[in-house]
Peer 1: 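My questions will all concern the structure given below.
Count residues from 1 along the sequence. Reckoned from all heavy atoms, side chains included, excluding hydrogens, waters and symmetry mates. None of the values given here were measured: they were computed from a predicted structure.
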Amino acid sequence: MFIQTQPTPNPASLMFLPGQKARRGGAERVMEGATTGGAKSKSFTSAREAMASPLAKRLFQIDGVTQVFFGSDFVTVTKSEDYGWAVLKPDVFAAITEFYAAEEPLFYDASAPGAAEHVITEDDDEIVAMIKELLETRIRPAVQEDGGDIVFRTWDPDSGVVTLKMMGACSGCPSSAVTLKSGIENMLMHYIPEVRGVVEAEPDEHENEGLKAFHKLEQHLST
């Protein structure tokens with residue numbers, strides 16, 4: 001895809017014009033799909049706010065990005081003074097291109113099954129919000145690079161224990177326990193003092209059925 005850029009009066013901000021439609025809630029719309037509640041634009045000023053949008057989240061994963069704005073048919077990215085556009089533009093181009101290639105919606109559907117595992121909801125207290133923010137911005141991208149994923153399950157304020165679910169290549173991996181304890185637990189405890197431990201969630205009913213079927217197949221093959 002060909003993404004055009006356009007300068008703004010603010011040298012720290014640059015407009016990116018994808019020239020393609022973006023999906024919003026399963027419907028095909030132009031970037032006016034960046035509307036919520038009838039508004040014609042949407043601004044993200046932090047990585048936490050960006051968790052509501054796959055595109056904004058991708059852009060905030062780029063070092064130096066401080067603000068993202070969705071307009072009618074453009075995306076404006078604002079950078080910090082420590083970074084130059086010559087360095088940031090290729091990363092922004094890549095993030096926008098990957099977003100369209102993945103055919104993701106412009107905004108997550110908070111009512112969709114499993115959305116609460118990644119999106120901060122109105123029911124989440126500040127601790128849960130911080131846990132989800134760290135998972136989305138610092139931990140999940142690294143885990144996904146290894147072919148796996150990790151999602152939030154529960155937070156127990158009494159014990160300080162966070163329950164997470166390892167998925168994909170990380171599920172059942174011999175090193176997953178080390179990753180959970182040495183990497184993820186240490187990071188959560190460092191940034192969130194209220195967290196005193198991290199444990200992996202038990203297999204759910206669907207996974208147990210899959211494991212039973214697998215063990216039956218193993219027994220059949222060995223006889």
Peer 1: Checking side-chain contact (heavy atoms from CB on, under 4.5 Å) for the pair I150/K165: CA distance, chi angles, key distance, verdict?
Peer 2: CA-CA 5 Å; I150 185 167; K165 181 65 179 177; over 6 Å; no

Peer 1: So, do E200 and L164 sit near enough that their side-chain heavy atoms are less than 4.5 Å apart?
Peer 2: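 The answer is no; the side chains never approach within 4.5 Å.
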
Peer 1: Hey, what do you get for CG (D156) to OG1 (T163), rounding to the nearest 0.5 Å?
Peer 2: 8.0 Å

Peer 1: Taking all heavy atoms of I62 and all of A95, pick out the closest pair and write down the distance.
Peer 2: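 Smallest interatomic distance, heavy atoms only, reads CD1-CB, 4.1 Å.
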
Peer 1: Could you grab the distance from atom CD of Q6 to atom CG of L17, nearest 0.5 Å is fine?
Peer 2: 6.0 Å

Peer 1: For D125, which residues count as a side-chain contact (heavy atoms from CB on, under 4.5 Å) partner, sequence neighbours excluded?
Peer 2: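 side-chain contact (heavy atoms from CB on, under 4.5 Å) check on D125 returns I127, V128, W155.
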
Peer 1: Is there a path of hydrophobic side-chain contacts, each under 4.5 Å between heavy atoms, that joins V161 and M130?
Peer 2: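 No, V161 does not connect to M130 through the hydrophobic network.
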
Peer 1: Between K57 and E136, is a salt bridge (charged side-chain N to carboxylate O under 4.0 Å, His left out) present by the stated rule, with each step listed?
Peer 2: CA-CA 8 Å; K57 187 171 69 173; E136 288 296 309; 2.6 Å; yes

Peer 1: For residues 185-193, dump all side-chain donor-acceptor pairs below 3.5 Å to protein atoms at least two apart in sequence or in another chain.
Peer 2:
residue : atom : partner : partner atom : Å
E185    : OE2  : K181    : NZ           : 3.1
E185    : OE2  : V198    : N            : 2.9
N186    : ND2  : S182    : O            : 2.5
Y191    : OH   : R138    : NH1          : 3.4

Peer 1: Below 4.5 Å, heavy atoms only, C-beta onward: do I3 and V92 meet side chain to side chain?
Peer 2: no

Peer 1: Which label fits F70 and F44: parallel for a plane angle under 30°, tilted from 30 to 60°, or perpendicular past 60°?
Peer 2: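 The arrangement is perpendicular - the two ring planes meet at more than 60°.
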
Peer 1: What's the verdict on side-chain contact (heavy atoms from CB on, under 4.5 Å) for L55 and V68, showing C-alpha distance, side-chain angles and the deciding distance?
Peer 2: CA-CA 9 Å; L55 176 55; V68 173; over 6 Å; no

Peer 1: Checking the side chain of W85 only, and the main-chain atoms of L14 only, is there a donor and an acceptor separated by less than 3.5 Å?
Peer 2: no

Peer 1: Salt bridge between R48 and E126, side-chain N to carboxylate O under 4.0 Å?
Peer 2: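 Counted as a salt bridge, because a side-chain N and a carboxylate O are separated by less than 4.0 Å.
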
Peer 1: For S43 and Q67, does a side-chain donor sit closer than 3.5 Å to a side-chain acceptor?
Peer 2: yes

Peer 1: What is the minimum heavy-atom distance between P9 and P11, and which atoms define it?
Peer 2: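 P9 and P11 have their closest heavy atoms at O-CD, 3.4 Å.
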
Peer 1: Donor-acceptor check, side chain of T78 to backbone of S13, threshold 3.5 angstrom: yes or no?
Peer 2: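 No; zero donor-acceptor contacts below 3.5 Å.
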
Peer 1: With rounding to the nearest 0.5 Å, note down the distance linking CG in L88 to CZ in F93.
Peer 2: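 Those atoms lie 11.0 Å apart.
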
Peer 1: For residues D91 and V87, report the shortest heavy-atom separation together with the two atoms involved.
Peer 2: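 Shortest heavy-atom contact: OD2-O, 3.8 Å.
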
Peer 1: Among V195, T154, V199, find the one that has a side-chain contact (heavy atoms from CB on, under 4.5 Å) with V162.
Peer 2: V195

Peer 1: Step by step, work out the side-chain contact (heavy atoms from CB on, under 4.5 Å) result for F16 and I96.
Peer 2: CA-CA 9 Å; F16 294 81; I96 295 175; 3.9 Å; yes

Peer 1: Given R58 and E104, is the side-chain contact (heavy atoms from CB on, under 4.5 Å) satisfied, shown in steps?
Peer 2: CA-CA 11 Å; R58 287 177 184 271; E104 295 175 307; 3.2 Å; yes

Peer 1: To the nearest 0.5 Å, tell me how far I131 CD1 sits from I184 CD1.
Peer 2: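 Reported to 0.5 Å precision, the distance equals 12.5 Å.
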
Peer 1: Nearest 0.5 Å please: distance from the CZ atom of F60 over to the OG atom of S53.
Peer 2: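 OG of S53 is found 10.5 Å from CZ of F60.
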
Peer 1: Taking all non-hydrogen atoms of both residues, which atom of R196 and which atom of D158 are closest, and how far apart?
Peer 2: NH2-O, 3.0 Å

Peer 1: Looking at residues at least two apart in the chain, or sitting in another chain, which of them share a side-chain contact (heavy atoms from CB on, under 4.5 Å) with D63?
Peer 2: Y83

Peer 1: So which atom in P18 and which in D73 form the shortest heavy-atom distance, rounded to 0.1 Å?
Peer 2: CD-O, 4.0 Å

Peer 1: Once rounded to the nearest 0.5 Å, what's the spacing between atom CD of E133 and atom CD of E49?
Peer 2: 10.0 Å

